[in-house]
J.: 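Before I ask anything, let me first share the structure, which is written out below as structure tokens.
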There are 2 protein chains.
Amino acid sequence: MKISELSRRAGVPVASIKYFRREGLLPAGRATAATLAEYGEEHVQRLRLIKALTTLGGLSIAATRDVLTAVGEAHTTDGKLGAISYALPVPVADSPVADSAQDAADQAAAETEVADLIAAMDWQTPDASPHVRGLTEALKALRRVDADYRPGELAAYAALANSIARLDLERAATFGDDAEAVAERAVIVFALSAPVLELLRRLAQEDQVRRRVAERGDALS
Amino acid sequence: MKISELSRRAGVPVASIKYFRREGLLPAGRATAATLAEYGEEHVQRLRLIKALTTLGGLSIAATRDVLTAVGEAHTTDGKLGAISYALPVPVADSPVADSAQDAADQAAAETEVADLIAAMDWQTPDASPHVRGLTEALKALRRVDADYRPGELAAYAALANSIARLDLERAATFGDDAEAVAERAVIVFALSAPVLELLRRLAQEDQVRRRVAERGDALS
DNA sequence: GGTGCTAGATAGTGGCAGTATCCAACAGGG
DNA sequence: CCCTGTTGGATACTGCCACTATCTAGCACC
């Protein structure tokens, strides 16, 4: 199909398609002439995936490219899974500098806490994993804003995260035959489960709040 | 303290403090003269909270203002909790228009699915809740990108989300005396647990991938 | 009484995600 | 064979966001 039809099929403006191609998110069509190219179903699907990752997944164009590149480059299924996981952005920026002694102490405390948690969960993750560093940064940020924050609470969340990850992997690696299909599914599961889960959590929170109101009736403030 | 000291204490440039004040995120200091104001500890804490919400929580300035406003406006503890929850942005944009019959069918299917889930979980959430609408949109987006997506899988995630929400509420409503303190804690729990949980999920995923590699040894691609 | 900091207003910056415009090169129909 | 319409590719422009910088006066404090 021509680009105009691709645009209609995927619901994406032609100019945006060109933009995605420029940015390396979408492979070029098969050129049939100097100024004409043929696109296929895989382009439609890719565009749908791009839209889902950017809107629902909240990924930037650069992050989306990284994820899609990771899918294409790794050669084993597990390699792809790992690459996707690492390519997904974490919402934590590295803190600027650890100049003061206080900062260094915070850093060390957070590192210990993360290491303890990983040991307690018996997680097999390398210290160099971006997720480990991300979690360390996140804990430092939490501590800065909430002095009362109790580290022990993390363990309960970690146990639930473990259950979630098990579900994720079951969904992602369902059919282990076609590495490409697994990878695309894994992208969807890894990148798009988060917002869905977050929404479910909000719904459950809302329910919890209502239940507490009902329980306490007309009580306090 | 003067604004320059506030800046040093919170690690935020003076220009940014002025910006936050302009945008309604930070209350003005107590004016001691036409060109001088006095700031207190509450301003330091507020700035820390703003930084945490924007960097770790990923909230925009506008969303941060909405959340902080919600905390200040509602008068009951439960009202505050609800207001905060609703003020937090969901990562799902409303789909543009439901013009075609296909879109209408998708919408109806997603709505049914969400309603069934809520019924199955016995969640007490109004149909008009933004979270319900957000979840509906998210499911539509998922369906568009993944035809194989199986609705049943949602239930398992919902159950886990429920456990998470219970933890959240326990943390948020620990001390029920000071409505203001509860509200600030709730903001932290509601807005900042998500990235931490996501990081934990990524770590657990990484662990799962490694375990599967080890299990299968040298097996397949 | 001068130096330095301040409030408040306004303007500028850099990055991101598109969107628009141009041009030359064809394709396909009449 | 020619003419209209579309395309690829390049470049420029736009709108939004989150700051950041500059400017003008007016005090505060030593």
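Protein chains get the first letters and strands the later ones, always in sequence-line order, with residue 1 at the start of each. Excluded from the calculations below are hydrogen atoms, water molecules and symmetry mates; all remaining heavy atoms, backbone and side chain alike, are included.
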J.: In whole Å, what is the span from the CD1 atom of B/Ile61 to the C1' atom of D/dC16?
T.: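 So the CD1-C1' distance, B/Ile61 to D/dC16, works out to 14 Å.
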J.: Rounded to whole angstroms, how far apart are CG on A/Leu25 and C1' on C/dC16?
T.: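 One finds 14 Å between C1' of C/dC16 and CG of A/Leu25, rounded.
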J.: C/dA7 C1' sits how many Å from B/Arg30 CZ, rounded?
T.: 16 Å
J.: Which pair of non-hydrogen atoms, one from A/Tyr86 and one from A/Pro126, has the smallest distance, and what is that distance?
T.: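 Closest heavy-atom pair between A/Tyr86 and A/Pro126: OH-CG, 3.9 Å.
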J.: Out of C/dA17, D/dC19, C/dT19, which nucleotide sits closest to the side chain of B/Ser16?
T.: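 It is D/dC19.
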J.: For A/Ala62 and B/Ala33, find the nucleotide of DNA chain C closest to each by heavy atoms; which residue's nucleotide sits nearer the 5' end?
T.: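 That would be B/Ala33.
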J.: Using whole Å, report how far CD of A/Glu38 lies from P of C/dA27.
T.: 13 Å
J.: Starting at CE of B/Met1 and ending at C1' of C/dC5, how long is that distance when rounded to a whole Å?
T.: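 Taking CE of B/Met1 and C1' of C/dC5, I get 16 Å after rounding.
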J.: Here's a test of your reading of the structure: between B/Val14 and A/Arg22, which maps to the more 5' nucleotide of DNA chain C?
T.: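 Counting from the 5' end, the first nearest nucleotide belongs to B/Val14.
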J.: Got a sec, which residues hit salt bridge (charged side-chain N to carboxylate O under 4.0 Å, His left out) with A/Arg202, two or more places apart in sequence or on another chain?
T.: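 Salt bridge (charged side-chain N to carboxylate O under 4.0 Å, His left out) list for A/Arg202, sorted by chain: A/Glu198.
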J.: Starting from P on C/dG8, measure out to CD1 on B/Ile17 and report it in whole angstrom.
T.: 14 Å
J.: Counting side-chain heavy atoms from CB outward, which of D/dT7, C/dT19, C/dA7 is closest to A/Thr35?
T.: D/dT7
J.: Classify A/Thr54 by what it touches in the nucleic acid, base, sugar-phosphate, or nothing, heavy-atom distance under 4.0 Å.
T.: nothing
J.: Just call it for B/Lys2: base, sugar-phosphate, or nothing, with non-hydrogen atoms closer than 4.0 Å on any strand.
T.: sugar-phosphate
J.: Closest approach to the side chain of A/Ile3, judged atom by atom: which nucleotide of C/dA7, D/dT7, D/dA18 is it?
T.: D/dT7
J.: Which heavy atom of A/Ala28 sits nearest a heavy atom of A/Arg21, and at what distance?
T.: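 Where A/Ala28 meets A/Arg21 most closely, the heavy atoms are CA-CD, 3.8 Å.
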J.: Starting from C1' on C/dC16, measure out to CG on A/Asp66 and report it in whole angstrom.
T.: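 That distance rounds to 15 Å.
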J.: Answer with base, sugar-phosphate or nothing: what part of the nucleic acid does A/Ala31 contact at a heavy-atom distance below 4.0 Å?
T.: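 A/Ala31: no heavy atom of the nucleic acid under 4.0 Å.
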J.: Could you check how far OH of B/Tyr19 sits from C1' of C/dT10, rounded to whole Å?
T.: 15 Å
J.: Under 4.0 Å, heavy atoms only, any strand: does A/Ala28 hit a base, just the sugar-phosphate, or nothing?
T.: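 Touches nothing.
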J.: Using heavy-atom distances to pick each residue's nearest nucleotide on DNA chain D, tell me which of B/Lys18 and A/Ala34 is more 5'.
T.: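 Nearer the 5' end of the strand: A/Ala34.
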J.: Does a side-chain N or O from B/Tyr39 land closer than 4.0 Å to OP1 or OP2 of C/dA7, or not?
T.: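 Yes, such a contact exists.
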J.: Picking from D/dC19, C/dA25, C/dT19, which would you name as closest to the side chain of B/Phe20?
T.: D/dC19
J.: When you get a sec, tell me which of D/dG9, C/dA7, C/dC5 is the closest nucleotide to the side chain of B/Ser4?
T.: C/dC5
J.: Can B/Val67 and B/Phe190 be said to form a side-chain contact (heavy atoms from CB on, under 4.5 Å), step by step?
T.: CA-CA 10 Å; B/Val67 169; B/Phe190 283 13; over 6 Å; no
J.: Does the side chain of A/Gln107 come under 3.5 Å of the side chain of A/Asp103 through a donor N or O and an acceptor N or O?
T.: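 On atom types as modelled, these side chains do not qualify, holding no pair under 3.5 Å.
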J.: Please step through side-chain contact (heavy atoms from CB on, under 4.5 Å) for the pair B/Val209 and A/Ser85, ending with a clear verdict.
T.: CA-CA 10 Å; B/Val209 171; A/Ser85 179; over 6 Å; no
